[in-house]
Amino acid sequence: MRGLRRGTLKFKVGPFVARIGTTYPLLQQDFLDIYEGYPLAAPEDFVHFNLKVGPVSLLRRWFRPKVIADGGFVASPFVPLPGDLAILALEMGLNWQVGTKSDQFLIFHSGVVAKDFEPSATGEVRPSRAVLMAGQSGAGKSTLTAGLAYNGWRLFSDEFALMDTSDLQLYPYPRPISLKNQSIEVMVERLGEEVFSRPYLDTPKGTIRYLKAPGDSLRNGDRPARLDLVVFPEYSPGAPAQVAEFEGAEAFAMLRGASVNCDRLGQAAFDAISDLTGRCKFFHLQYDTLDMAMRMVEDLMEEAA
Amino acid sequence: MKGLPADLKTLLVAPHMAGGWSAERWSRVAYLAQAAGVLTRISVDLTEAGKRTGLPQGLEGCLLSAERNGARNQVRLSWEMDRIKRVFWDRDIKIVLLKGAAYLAGDIPCTRGRLSSDMDILVAKDELAGVEATLLDAGWVSAKEIQGDAEDYDDLYYRRWMHELPPLVHEGRGTVIDVHHTILPPTGRVTADGSELLELAVPVESLAATEVEAANDPAERSRQGYYVLCDTDMLLHSTVHLFQDGEIRGGLRDLVDQRDMIAHFADRPGFWDRLIARAEYLGLGRPLFYSLRYAEALLDAPVPEPALKASQRFAPPLPVRLLMDLLVPRALTPTYLFDSNRVVNFAGELLYMRSHWLRMPPVMLARHLAIKAWRRAGGTKTA
C-alpha cells in the first residue's frame, strides 16, 4: 500500500515491469484486490512502463471525483473518468502503453491460453502450446479465454498476444480479464464470487467486473509457448456448432488483421505472419454455449498436436 | 547553469561511455529519453558503440522497440517525400524540405533515430495558393475538416497571421503536411523573409556512388529533385523554431539536432563567419545566440571560442540572459514521472507565455487569447 502511494510499487506482467503510483485511496484498494498475487519486480529488473493515476485537480479529488491516468507522454489519449472507475483508467493506461510502445513484440489483439506439459518420463521438456483467439470485440473471446484459463489451460492474455519475431514464441501477458454485461453472470456462476472484482457500473462499455488472473499464470509469467492453433470464435445463440478450417492467403489476412502493430514492425512482422500461416491451423468457430466452444478448442488442439 | 541529468547527457553526447549502470538508473534515463523523444536515437547510438550487451533484463526489448519505430518512421517519411514529389511532377517549382525531411534527405547526422511526425516544406509565397490547390486536388484535405471542426477563426488565423498554411492531411495515409512560405510568423517581433531562404536553398545531393545505384534505391529516388536550406539557414531555422517561435518546453530534441548540425558543419570552410553574418543579415541573431549558448553548455556542442564571442553581439540585456539561463535548462529537461516537477512546470509556463509574446503584438495577442478562452469556455476545440 505504501509503495503504491509513493509510486515505488513495481510488479511484473509477463516480460514487462510496470511501476505504478496513485494517491487515490479507492484505487489503492481496488488495485491491491485485483492484482493480489502478482510477482514484484527485483531491483535488477528494468522498468518498461510508468503510470500514475490521480484526480484531475484538487477540487475533483473530493467533489464529484474525476481521475485520469498519466504516463508522462504528451500524445496519450487518456480521458478523465469518475473516481469510482479509477481502476479502468489504470487498466486502459497500462494497455495503451503496452499496445503502443512494445514493438519488440509483434502484438495481436486477442486472447491467448496455453497447455503446459509435464516433462516426459525420459526427462525431456515439452514446450507449452498455445491457442490464439482473435476476432471482433463482442465475439466472445474474453469469455472463452476466461473459461479456458480456469479449466486446465494457462492464461496468457485476454488482450494482447505478444510474439517474439526472432523465434515465434508467444509470451504471457496475464492481466485481469475484463468481463462485460451478460458474460459476467455466466462466469460468476461457474467460478464463484471470490475470483471477481467488485462490479463497475456505467463504464463506457456498460458494467464491468474483473476476473483475477489465476495464480499459476502469474507464477509462470516468464514461460513462453509455441503457437499451434488460431481460432476466430463467433458467439451465435441458437445456431448449430460449426468448425470451418481455412488456410493460405485468408489465414494470412485474418492474422494480419488481428495484429496491432504489424505496420510498425514492417518486414519482421510480414515474415513472422508468413511463417505462422504455414505452421498453424486456422479455424472459424461458431458456438452456442461456452462449454461447446471450450470443447471445440480442446478437440482442435488435440488434432493440431 | 543547471545541466541535463547526467546519464541522459552521457547517452546523448558520449554513448560509448554509457554502461555499468543499475536497472534503476537505466529505467529512469530510458523514461527521460522517451519523454524527450530521443530514445530511438540513443538506441541507434548504443548499437553503433557496441553497447547493447550486458544491459539489465528487459532493456534490450525497449531499445529494439524504439529502433523499429525509428526505422518505420524513416520509411514513411521517405515514401511521403516520394508521393508529394509525384504530385508536382509536371510543375517547375522549387520545393524546399524543412526539419526532419531535410535532415533525412540531406543525410545530416541528427537524422539517425529521429522521429518526425509531420512533413514540412517551404515554397515561394506566390506559389502558395497553387501548391495548396494541387495538394487538395491530389487527396489531401484540411486537417480541421477531418476533425469536423471547420471553425473559421482557426483557418483565418493561419492564413492571415501565420507563416504556413493550415495543416493538410492525406486522406489515405493519414500523413500531415505543413506548407510554409517562410519560417516565422509575419506578426512576430522577429520576422524572416522566405524568399531570402529560397534563394540560397541547395539541391539535395545524391548519396549514391553510381547512377545505377541511385536508380535502384527507393530512398535515393525519393530525395532527388528536392531542395534543402543551405547549411547556415538549416541551423538557423532550427534555432528559430526552438527559441523564437516555439515554447522551448519539451524542445530538447531540437537542441540535440542543433548540436549535431553544429558538429557536422563546423569544419566547413568559413562556416562560422558565414553563420554569424547570415544571422545578422536575416535578423535571426538572438535565437542563434541562445542555440550556441545552450547547445554548448548542455550538450557540449563544439562551438569554437571566436564564434561564441561573436555571437555575444546578439545577446539580450543581462537580466534577460540571467532569467533565460535559469529557465531554459529547466524547461528543456524532462522529469521522471514520479519526481516532483513543479519547478520545471513553472519554468515551462513562463517560457510558454514568452513564446506568445514573441509571436504577435500585444493587442493582437489579447484578442487571440480572448477568442481562445471564450471558445474553450464554450467547449469548442481550438488550434
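Please read all numbers here as calculations on a predicted model, not as lab measurements. Letters go in sequence order (proteins before strands), and every chain restarts at 1.
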Practice prompt. Could you go through the side-chain contact (heavy atoms from CB on, under 4.5 Å) check for A/K101 and B/Q34 one step at a time?
Written response: CA-CA 10 Å; A/K101 296 178 192 311; B/Q34 190 151 45; 3.8 Å; yes

Worksheet entry | When A/T8, A/D164, A/L51 are compared by non-hydrogen pairs under 4.5 Å with chain B, the top option | A/L51

Worksheet item: Does a sphere of radius 6.0 Å around OH in B/Y336 hold more than 12 heavy atoms from other residues, nucleotides or ligands, not counting ones at 6.0 Å or beyond?
Response: yes

Practice prompt. Could you walk me through whether B/L55 and A/F46 pass the side-chain contact (heavy atoms from CB on, under 4.5 Å) test, one step at a time?
Written response: CA-CA 9 Å; B/L55 301 176; A/F46 174 76; over 6 Å; no

Worksheet, complete the sentence: In this structure, CG of A/D103 is separated from CD of B/E67 (nearest 0.5 Å) by 12.0 Å

Item to complete: Check whether any side-chain N or O of A/H48 sits under 3.5 Å from a backbone N or O of B/C62 as a donor-acceptor pair, and report yes or no.
Response: no

Worksheet item: Less than 4.5 Å apart, any side-chain heavy atom of A/E44 and any of B/E24?
Response: no

Practice prompt. Identify which of B/G61, B/P56, B/P334 forms the greatest number of heavy-atom pairs closer than 4.5 Å to chain A.
Written response: B/G61

Response to the item:
Honestly, the part of A/A42 sitting under 4.5 Å from a heavy atom of chain B is neither

Worksheet item: Is the number of heavy atoms from other residues, nucleotides or ligands under 6.0 Å of A/D271 CG greater than 12?
Response: yes

Fill in: Interatomic distance, B/L59 atom CG to A/Q104 atom CD [nearest 0.5 angstrom]
10.0 Å

Response to the item:
Greatest number of non-hydrogen atom pairs under 4.5 angstrom with chain A, of B/S22, B/S27, B/A23, falls to B/S27

Worksheet item: Does any heavy atom of chain B fall under 4.5 Å from the side chain of A/P43, the backbone, both, or neither of them?
Response: backbone

Worksheet item: Would you find more than 12 non-hydrogen atoms of other residues, nucleotides or ligands less than 6.0 Å from A/E36 atom CD?
Response: no

Item to complete: Identify which part of A/D263 has an atom lying under 4.5 Å from any heavy atom of chain B, answering side chain, backbone, both or neither.
Response: both

Practice prompt. Could you tell me whether A/R256 atom CZ has more than 12 heavy atoms of other residues or ligands within 6.0 Å of it?
Written response: no

Worksheet entry | Part of A/F16 within contact of chain B (heavy atom distance under 4.5 Å) | neither

Worksheet item: How far does CG of B/L64 sit from CG of A/L265, to the nearest 0.5 angstrom?
Response: 8.0 Å

Discussion item. Contact between A/T165 and B/R68 at the side-chain level, heavy atoms closer than 4.5 Å - yes or no?
Written reply: yes

Worksheet item: Under a 4.5 Å cut-off applied to non-hydrogen side-chain atoms, are A/K52 and B/F338 in contact?
Response: yes

Worksheet entry | Residue B/Q57 excluded, over 12 heavy atoms near CD under 6.0 Å | no

Discussion item. Are A/D70 and B/L337 packed together at the side-chain level, in the sense that at least one heavy-atom pair is separated by less than 4.5 angstrom?
Written reply: yes

